[in-house]
Amino acid sequence: MRAPGLLAASWAIARKDLAIEFRTRSAFLSSVVFSLLAIVIFYFAWDPTAVGPLALAPGVLWVTFTFSGLLAMHRSFGVEAADGAIDALLVAPVARESIFLGKALANVVFVAGVQAVSLPAIAIFYNVPLAGAWLPLLGILLLATVGLVAVGTLFASITANTRMAELLLPVLAIPFFVPVVMPAAQATADVLSGRPIAESFAWLRILLAFDLVFVYACTVAYPFTIED
Amino acid sequence: MRAPGLLAASWAIARKDLAIEFRTRSAFLSSVVFSLLAIVIFYFAWDPTAVGPLALAPGVLWVTFTFSGLLAMHRSFGVEAADGAIDALLVAPVARESIFLGKALANVVFVAGVQAVSLPAIAIFYNVPLAGAWLPLLGILLLATVGLVAVGTLFASITANTRMAELLLPVLAIPFFVPVVMPAAQATADVLSGRPIAESFAWLRILLAFDLVFVYACTVAYPFTIED
Amino acid sequence: MTTLVAATGLVRTFGARRAVDDVSLALSAGECLALFGPNGAGKTTVLRILAGLLRPSSGEARIGDVRLPDPAARGRVGLISHRSMLYDALTARENVRFAAALHGVPDAEEATVRALAALRVADRADVAVRSLSRGLQQRVAIARAIVHAPDVLLADEPYTGLDAQGGAALTALLRERRAAGAALVVVTHHLHEGLALASHAAVMRAGRFVRFERAEGLDAGRYATEYQELVA
Amino acid sequence: MTTLVAATGLVRTFGARRAVDDVSLALSAGECLALFGPNGAGKTTVLRILAGLLRPSSGEARIGDVRLPDPAARGRVGLISHRSMLYDALTARENVRFAAALHGVPDAEEATVRALAALRVADRADVAVRSLSRGLQQRVAIARAIVHAPDVLLADEPYTGLDAQGGAALTALLRERRAAGAALVVVTHHLHEGLALASHAAVMRAGRFVRFERAEGLDAGRYATEYQELVA
Amino acid sequence: MPETSAAPRRPFDWFALLAVAVTAAAYVRAIWFTPPEMLQGYAQKILYVHAPSAWVAFLAFGLTALAGAFWLFLRDPRLDRFAESSAEVGVVFTTAVLVSGPLWAKPIWGTWWTWDARLTLTLFLWFVYLGYLVLRGVIPERDARARLSAVLGILGALLVPFIHLSVYLFRTMHPMPVVANPDGFQMPPVMVKTFFFAFFAFTLLYAALVRARYAFATDRDALEATLDATPDGGR
Ligand code: HEM
Ligand SMILES: Nc1ncnc2c1ncn2[C@@H]1O[C@H](COP(=O)(O)OP(=O)(O)OP(=O)(O)O)[C@@H](O)[C@H]1O
Ligand SMILES: Nc1ncnc2c1ncn2[C@@H]1O[C@H](COP(=O)(O)OP(=O)(O)OP(=O)(O)O)[C@@H](O)[C@H]1O
Ligand SMILES: [Mg+2]
Ligand SMILES: [Mg+2]
């Protein structure tokens, strides 16, 4: 009986999480509907004669992704906390980093799935021409999502065992999301207004740096969040 | 030993809920910080040169209130579900309507408290002149909050016992928030741009009608959501 | 003698599983039913129906002569369940006092103190329930359930987690309730413990009462042997 | 005989409360410690420290000769706790198989089937754990805890909610683990049950071991009387 | 466990065949025997899918709400099965409106979507009933599912006028009702006839789909009953 390695354990945990999420498919469906609703309600919150939809779209996109991502990450530790299942993970002979990596992986898959549906929706509802912007957008999405999920997963772990997880998580995480959401929204706006991607490199570099620093830092920090 | 009447029981339940929320003051504090953060991240999600802050403010205000309100209402049944405490309420000889009214009352107080802090904040961050608009704004806030809380509390009760409460609640509730948030945001925009409140009467009438219909409907419907 | 708890033809299905299948029973003041049965037999489900928490798929349950889930019926019931039913952010005292208030107990403060003292948790009454050990939480849960001196006490494995002192306190309390004219239903897996308390004994299996009789005069050892065969 | 579990000078404080206060113990292969003590004595806290879930405020705990919380140490432990530690949306089988995968059990599928069969829940293995009764959930929790044949089994009131059949299955399983050379710590409030299983017995009170001895040859009746006096 | 019995064989669904045939006839008429509209050309043919679908969607949701309301008092599982079937069919037709509308809008208005009142109302109706289906999906227990979804269905029906009202005040661009217009019909009679024919056909189609979906629900419930009723060692 050999304890599974870092990657094998991460993979087992990610698979288990995705199995729980997709057990009924409703978690995914709800997340998608939630994103669509957020996109739509944003539209009605603003007077369209005062704010053009094209100007709103990038912000709406990123705020929506932020909140639906937070929900997903909250859930991912919620299922652990409910009947103390996290204890079983902690007793298992897997590196604690692999718990973090597994959960983060599952979250990236889940959040990316939701984005894949809501991106076209926002294009239709806000009348945004995506046609030529696909590839750069995909790059921005990937870079930003990795950063959001790394930080969000770590904070979800920290807050999961407090009786206020669902409130405290955004409070802790959002300040860390600013350096992701702002560059991502700016780069998205640039791309959508037809400027060449090269003009957004400054933003993308921030995203990349954030990813590198925080994926590493959060993986290293995670074990400290769970020891008791 | 006489079972307490509708109002006495509602009041006891509201007091208990508020005691839980304010036990550490951190629930309230987190809610306020959450609202502030949402306001800030909205600011950064848009290119301020493209969208003027005054045009953004009403939408930001109402989207923020919507989401922080949802969190509060989710919590209010979360504490009941955790160790099955809702069962103790259901066994008690109080009318089931009083459970609804008590929780809704606590939620109104809580949400109004959060609004009281975030309204000035948004005025500062977005440079909105509130000076002359206080009274009409208060009226809009009150009307809208009652509607939001009535519907949100009912749906929180419906979703509390499903394993997806935090996702399903917004999915079910947000469509119902549209006829509250849209009129409220429009009326707020009107008021903030200095137009006389009379111009917003059409919006306010919708809000009032919504409150009347849904406070009644939700109170009547609530008992059906908990019997098993 | 007035009938305090009466159930006729209770059936409860979950999906197509008949968790409770045609159960009838009647208990009068001062009677105590010990309910035995293997895991999954439907004991908890019966108790939840009698507490008015679960609507039977068919059949009806009455407390006194009021049909559940009428509030007048519910108010006379006390329930000790698998879960603590406590708000873990509140203290033991706050939890119990809140229950007293909901039941309109005249002197809520005093009743609270008495209930907590009866369960021997008075010294931990002012810390958040969250930081109590399992057995201490169970004591608070019991105190919460009996603070309004219910006429009908439904106890689902109430000895869970209790130490000897807590168990003795609970036994004393159950006896006292019985003596005060309450009707009790106690679910337990410990035949001796249950029989020692009870005036009646019943065995559930696959949703049905397969045995139901007066407990006084039953030989516990023999009952245990027969029980083994019955549920095997 | 190799020492499998060793603790020296464990202390754990929560705020100002010393939940565990200078506890030391050592168990070798095949030994079983029955741990008794009143509610709030600190039994659960000791177990959680030995499982590597709680860091002691001072003192240290070892599994074999690896100090906790090193993963190599944790992997040899099986834990049955107050809470089920199950994912209630997944089935019993999925829960147990996941645990097996995490422990690198070579034939996870077969080990899962065996564990569930040992606890007699094989016939309910494919419904979501959420819809099982309390006792059935406890069985699944036990199956999860022993699927990797742990060298050290820590069981916190493991008989909770189990019926006679489940209890017998658990007893058989604990004996089997002991025979296979594991070290066991079983927390229980039932002195007779505990003593019948154990090679050693200990009593905790207010965070301390106030009694610790070999159990074989102890007279259960007398032990019970002395216990009453000790913890009163 | 007894042999898993296959679902009982049902007789051939003549009603469904009839509904499909009538719908097909309506289309043949719409495409070949009704002249194209003067300004919009062939794009206008979409009307014959679009408007009847919208009508059926509203009908479906109204009936879902009604069935839910009755369920709360009668607790008859058949009502719940009907509500379930009607909601699902309703979502399908709403989706048809939401797909056909933009397809039409692109050539006529030059955009896929605009935040017009009627469009928005349709979209939110779709959201409410998607939520309804999701809610049904997460409640395994049949009675609780029926009860909670009935509450949601009724509240949803109450909501529709409010959304309508508020989005109407927002702004509108969609054609005003052509048929129920105070100024009388604003279509040539031949178009109006085709239009009504299509309505009739879609209503039949709705009935046939709900009937089939209802039969499925009945079979499923019966199958669950035979599967679960197996004795299992006293548990
Ligand atoms: C883009 C999405 C669209 C949606 C969601 C939509 C929705 C609806 C709905 C709900 C109805 C029936 C209810 C009512 O009469 O109020 C309807 C009817 C109709 N729609 Fe649309 N529509 C869309 C686009 C269009 C377009 C682009 C046109 C053509 C310019 C159009 C023309 C009509 C007509 C002529 C009717 C019949 C009106 C009547 O029944 O009197 N729709 N639509
Ligand atoms: N919510 C539910 N959904 C589906 N099945 C359920 C649900 N609640 C209970 N059951 C099933 O009903 C049966 C009876 O459950 P119940 O909890 O009443 O048993 P019990 O006699 O209390 O068992 P235990 O001794 O294990 O507590 C079990 O088979 C259980 O799996
Ligand atoms: N997280 C915590 N915060 C504060 N105090 C705690 C915490 N956990 C345990 N305690 C306290 O530590 C003491 C020991 O608790 P522990 O759970 O170990 O007791 P136990 O012996 O298992 O009792 P029981 O028989 O009731 O399960 C108790 O007084 C308890 O209130
Ligand atoms: Mg039970
Ligand atoms: Mg303990």
Side-chain angles (χ1 to χ4, degrees), chain C residues 14-15 17 19 36-45 47-48 81-84 119-121 123-124 127-128 130-140 156-157 159-169 187-193 203-205 207 224-225 227-232, chain D residues 14-17 19 36-45 48 81-84 119-121 123-124 127-128 130-140 156-157 159-169 187-193 203-205 207 224-225 227-232:
Chain C
F14 290 110
R17 176 173 299 276
F36 307 117
N39 292 144
K43 309 178 292 297
T44 297
T45 309
L47 244 55
R48 289 177 64 81
S81 102
H82 285 332
R83 305 165 77 189
S84 75
L119 270 303
R120 314 264 187 284
V121 269
D123 57 328
R124 300 295 290 274
V127 299
R130 180 177 354 103
S131 64
L132 295 180
S133 75
R134 175 199 229 176
L136 296 175
Q137 287 191 10
Q138 177 74 2
R139 294 176 185 211
V140 179
D156 202 352
E157 304 184 37
Y159 289 90
T160 300
L162 294 184
D163 62 10
Q165 181 204 45
V187 171
T188 172
H189 292 295
H190 296 274
L191 297 178
H192 290 82
E193 209 169 65
V203 176
M204 277 193 88
R205 197 187 146 206
T225 326
Y227 173 78
Q228 293 301 345
E229 284 159 13
L230 202 57
V231 301
Chain D
F14 291 109
R17 177 172 297 277
F36 308 117
N39 293 142
K43 309 178 293 296
T44 297
T45 309
R48 290 178 63 82
S81 102
H82 284 332
R83 304 166 76 190
S84 75
L119 271 302
R120 314 262 186 287
V121 269
D123 56 327
R124 298 295 289 275
V127 299
R130 180 176 354 101
S131 64
L132 294 179
S133 75
R134 174 199 230 179
L136 297 175
Q137 286 190 11
Q138 178 73 1
R139 294 177 185 210
V140 179
D156 201 351
E157 303 182 37
Y159 289 90
T160 300
L162 294 183
D163 62 9
Q165 182 204 45
V187 171
T188 173
H189 292 295
H190 296 273
L191 296 178
H192 290 83
E193 209 169 64
V203 176
M204 276 193 90
R205 199 187 142 204
T225 326
Y227 173 80
Q228 292 300 345
E229 284 159 15
L230 201 57
V231 303

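The sequence lines fix the lettering, A, B, ..., with proteins before strands; numbering per chain opens at 1. Quick note: numbers below take in every heavy atom, side chains included, and nothing from hydrogens, waters or symmetry partners.
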Where on D:Q228 is there a heavy atom nearer than 4.5 Å to chain C: the side chain, the backbone, both, or neither? side chain
Please state whether the side chain, the backbone, both or neither of D:L132 comes within less than 4.5 Å of a heavy atom of chain C. neither
Could you tell me which portion of C:R120 (side chain, backbone, both or neither) has an atom closer than 4.5 angstrom to a non-hydrogen atom of chain D? neither
Short side-chain to backbone donor-acceptor contact, C:H189 and D:G161, under 3.5 Å: yes
Apply the side-chain contact (heavy atoms from CB on, under 4.5 Å) test between C:P38 and each candidate in D:L162, D:D163, D:L136; give the one that qualifies. D:D163
Please identify, among C:K43, C:H190, C:Q138, the residue contributing the most non-hydrogen atom pairs under 4.5 Å to chain D. C:H190
So do D:T160 and C:R134 actually touch side chain to side chain, heavy atoms under 4.5 Å? yes
Looking at D:S133 and C:N39, what are the two nearest heavy atoms and their distance? OG-C, 4.1 Å
